[in-house]
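These figures come from a predicted structure and were not determined experimentally. One-based numbering, in listed order, for ligands and for the atoms of each.
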Amino acid sequence: MADQLTVIVLAAGGGTRMKSKTMKVLHRIGGRSMIGHVLGAVGGLGPTRVCAVVGHQREQVGPHILESLPDAVLAVQEEQLGTGHAVRVALDALAEEGRAIDGGTVLIAYGDTPLLEGATLRWFAAEHEAAQAAVSILSGVVEEPRGYGRIVRDSEGDVLAIVEEKDATDEQRQIREINSGILAFDAGFLVDAIGRVGNDNAKGEYYLTDTVQIARDSGLTVTAFPVDDVWQTEGANDRAQLAVLGRELNRRIVTRWMKDGVTVLDPETTWIDADVVLAADVTLLPGTQLLGTTVVAEDAVIGPDTTLEDCEVGEGARVVRTHGQQAVIGAGANVGPFSYLRPGTTLGAGGKIGAFVETKNAQIGDGAKVPHLSYVGDAEIGEGTNIGAGTIFANYDGVDKHRTKVGKHARTASNNTFVAPVTIGDGAATGAGTVVRKDVPPGALAVSMGQQRNLEGWAQRKRAGTAQAAAAEAATAATAEGDDR
Ligand code: UD1
Ligand code: CA
């Protein structure tokens, strides 16, 4: 490639058809904003400089762009006077920042084409440079060209112009080769030509595409390279198109992981974000969503019906019908069905979080188990400990949150409440129904319930005339008869 590569990303338009308070390019698919996908592809090229043109809602869009590419120059286009104007604004902003373009290739991309791949841009730039063209067009041959600028070629096949839909003759509207919007320029030509673009057309806009005619008039070379995979240049203007692109993006991501050795039972109902990382021999069952920066190690089985966001799943772990966020699940651990792992949950190797268990900010040790019907908040549970069914870690006193610590190899019984802050020692035990308010020393058995008393004949006296009393009466009589024999 040329010694210098500049990329200009246009993202000043409003995107009113989204009918949203969120700017179009910030709408998300595959775990990133649309412009986030574009900037990812652009960043992968290692460009000399990147300029993003922002306008509508730039206070949202600008910082978002800088998060992806901190080095990018933001150019503000106050009024959207057309793509040609937008590029002029970009060139001015680069000059003002002391980063004026002084050679090489300039690529123009849009912020709303999330399926665009870096490899395509790299190929296109290389073709453009090999052709020594002043302008190159990434074109596409489509079934339905409506709305796009058409590529007009002469009888030799040389590109003459791009004609916008509104300015096209009926004959030109039949052309199915369209301008994707992605253009490559020789830097010197662009700097010179951009000032010569006028706005004498149907829309009264400064069309960047007029540079094609300008190049031709100067006897310079113009080329167009059709891209086979037209999905890569598709933009989403409304939410229906966003969903279509989102499904296609997901199909591509899922297919890539299957080729890399991941078993996916039902690709249609499996959703994997762009930044998720999976190892070989992971199995994903139907209805699984792996979101954000989730990482899954070898031989883990996830699903069915599981959502994991920013989670880490260890080798050979099993996660069934679970909702997890920012949780770490150890190797060989078991989670679910119907578990809710909230941020700060860490489950050790071979541990278990079972049915109807909610955890938050909880470090559960290797081989430790919370099998049934429990809430574990702000807790540390040592290795090999078993927490009884229906245990509540009462972490909140109405004002502050407190921590509970349970040691190693402890055995706590059913229906306990641990009132934090409290510590249960290594090897300690509790009785069923215990409310632990005081620390339990290592090896001690804690019981907090009083002795059980039975008030004989209570139902017959206090509930006389009810079915309960009648049943008690009958059972008592039967027992008495049995005694007679
Ligand atoms: C443009 C092309 C057309 C191409 C089509 C592909 C021109 C004149 N036309 O048409 O040939 O087939 O894209 O989708 O270039 N933008 C700005 N500032 C502006 C105007 C636009 O930043 O002043 C940005 C928009 O946010 C958008 C992109 O540029 O990301 C394209 O603008 P849009 O108005 O959609 O251009 P089209 O009319 O679709
Ligand atoms: Ca458009």
**Student:** Without hydrogens or angle criteria, can the side chains of Asp275 and Thr293 be said to hold a donor-acceptor pair below 3.5 Å?
**Tutor:**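 Side chains of Asp275 and Thr293: no pair found under 3.5 Å.
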**Student:** Please evaluate residues Val357 and Tyr340 with respect to the criterion side chain to side chain contact (heavy atoms under 4.5 Å, CB included), reporting the C-alpha separation (whole Å), side-chain torsions for both, the decisive distance (0.1 Å), and the verdict.
**Tutor:** CA-CA 6 Å; Val357 174; Tyr340 180 22; over 6 Å; no
**Student:** Any nitrogen or oxygen of Ile162, main chain or side chain, under 3.5 Å from a nitrogen or oxygen of ligand 1?
**Tutor:**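 By distance alone, the answer is no.
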**Student:** I'd like to know if Asp167 pairs up with Arg150 as an ion pair, taking the criterion as any Lys NZ or Arg NE/NH1/NH2 lying under 4.0 Å from an Asp or Glu carboxylate oxygen.
**Tutor:**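 Result for this pair is no, no salt bridge flagged.
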**Student:** Which of these, Glu165, Arg150, Glu164, His56, has its nearest heavy atom closest to atom 11 (O) of ligand 1?
**Tutor:**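 Answer by nearest heavy atom: Glu164.
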**Student:** If we only count N/O pairs under 3.5 Å, is Asn179 in contact with ligand 1?
**Tutor:**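 Yes - when backbone and side-chain N and O of Asn179 are compared with those of ligand 1, one distance drops under 3.5 Å.
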**Student:** Among Tyr110, Tyr207, Tyr206, which residue places a heavy atom closest to atom 14 (O) of ligand 1?
**Tutor:**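 Looking at heavy atoms only, the winner is Tyr110.
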**Student:** Any side-chain donor-acceptor pair under 3.5 Å between Gln363 and Thr346?
**Tutor:**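 Thr346 and Gln363 do not have a side-chain donor-acceptor pair below 3.5 Å.
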**Student:** Would you say Gly149 has any N or O atom under 3.5 Å from an N or O of ligand 1, going by distance alone?
**Tutor:**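 So ligand 1 has an N or O lying under 3.5 Å from an N or O of Gly149.
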**Student:** For a 4.5 angstrom cut-off between non-hydrogen side-chain atoms, does Val61 reach His64?
**Tutor:**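 Of all side-chain heavy-atom pairs linking His64 with Val61, none is under 4.5 Å.
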**Student:** Using a 4.0 Å cutoff against the non-hydrogen atoms of Gly13, which atoms of ligand 1 qualify?
**Tutor:**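 In order of number, 22 (O), 25 (C), 26 (O).
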**Student:** Any donor and acceptor pair, going by atom type alone, linking the side chain of His37 with main-chain N or O of Ile29 inside 3.5 Å?
**Tutor:**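 Such a contact is found between His37 side chain and Ile29 backbone.
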**Student:** Find all atoms of ligand 1 within a distance of less than 4.0 Å from any non-hydrogen atom belonging to Leu10, and give their numbers and elements.
**Tutor:**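 Within the 4.0 Å cut-off of Leu10, ligand 1 contributes 22 (O), 24 (C), 29 (O), 30 (O).
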**Student:** Taking distance alone, with N or O pairs closer than 3.5 Å, would you say Glu79 contacts ligand 1?
**Tutor:**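 Glu79 vs ligand 1: no N/O contact under 3.5 Å.
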**Student:** So which bit of Glu205 gets within less than 4.0 Å of ligand 1, heavy atoms only: side chain, backbone, both or neither?
**Tutor:**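 None of Glu205 does.
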**Student:** Which is closest to atom 23 (O) of ligand 1 in terms of heavy atoms, Ser180, Gly82, Gly14, Ser139?
**Tutor:**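 Considering heavy atoms of Ser180, Gly82, Gly14, Ser139, the nearest to atom 23 (O) of ligand 1 sits in Gly82.
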**Student:** Heavy atom under 4.0 Å from ligand 1: found in His85's side chain, backbone, both, or neither?
**Tutor:**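 It is neither; nothing of His85 touches ligand 1.
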**Student:** When you measure from the side chain of Tyr207 to the backbone of Thr209, do you find a donor-acceptor pair of N or O atoms at a distance under 3.5 Å?
**Tutor:**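 Side chain of Tyr207 to backbone of Thr209: no pair is present.
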**Student:** Could an N or O of ligand 1 be found under 3.5 Å from any N or O of Leu81, whether backbone or side chain?
**Tutor:**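 Yes, at least one N or O pair falls under 3.5 Å.
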**Student:** Would Asp112 count as a polar contact of ligand 1, with the cut-off being nitrogen or oxygen pairs under 3.5 Å?
**Tutor:**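 There is no such contact.
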**Student:** Mark yes or no for whether Arg239, through its side chain, and Met18, through its backbone, hold a donor-acceptor pair below 3.5 Å.
**Tutor:**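 Indeed, once roles are kept as given, a pair shorter than 3.5 Å links the two residues.
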**Student:** If the cut-off is 4.0 Å to any non-hydrogen atom of Ala11, which atoms of ligand 1 fall inside it?
**Tutor:**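 Selected atoms, number and element: 22 (O).
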**Student:** Please determine, by modelled atom types, if Gln77 and His85 share a side-chain donor-acceptor pair under 3.5 angstrom.
**Tutor:**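 Yes, His85 and Gln77 have a side-chain donor paired with an acceptor closer than 3.5 Å.
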**Student:** May I ask you to check whether Thr83 has an N/O atom sitting below 3.5 Å from an N/O atom of ligand 1?
**Tutor:**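 Such a contact does occur with ligand 1.
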**Student:** In terms of side-chain heavy atoms, does Thr306 have a donor or acceptor partner in Gln289 at a distance below 3.5 Å?
**Tutor:**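 The answer is no; no qualifying pair exists.
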**Student:** Any atom of ligand 1 sitting under 4.0 Å from a heavy atom of Thr209?
**Tutor:**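 Yes, that is the case, since the closest heavy atom of the residue is under 4.0 Å from the ligand.
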**Student:** Can you check whether Lys203 has an N/O within less than 3.5 Å of an N/O in ligand 1?
**Tutor:**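 Such a contact does occur with ligand 1.
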**Student:** One residue to check: Ala12. Relative to ligand 1, which of side chain, backbone, both or neither has a non-hydrogen atom less than 4.0 Å away?
**Tutor:**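 Ala12 to ligand 1: contacts from backbone and side chain alike.
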**Student:** Using distance alone, determine whether Leu208 and ligand 1 share an N or O pair under 3.5 Å.
**Tutor:**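 N/O-N/O distance below 3.5 Å does not exist for this pair.
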**Student:** Quiz question: by atom type and distance under 3.5 Å, do the side chains of His402 and Asp378 form a donor-acceptor pair?
**Tutor:**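 No donor-acceptor contact under 3.5 Å links the two side chains.
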**Student:** Checking side-chain polar atoms at under 3.5 Å, does Arg49 have a donor or acceptor matched by the opposite partner on Thr6?
**Tutor:**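 A pair is found: one side chain offers a donor N or O, the other an acceptor, under 3.5 Å apart.
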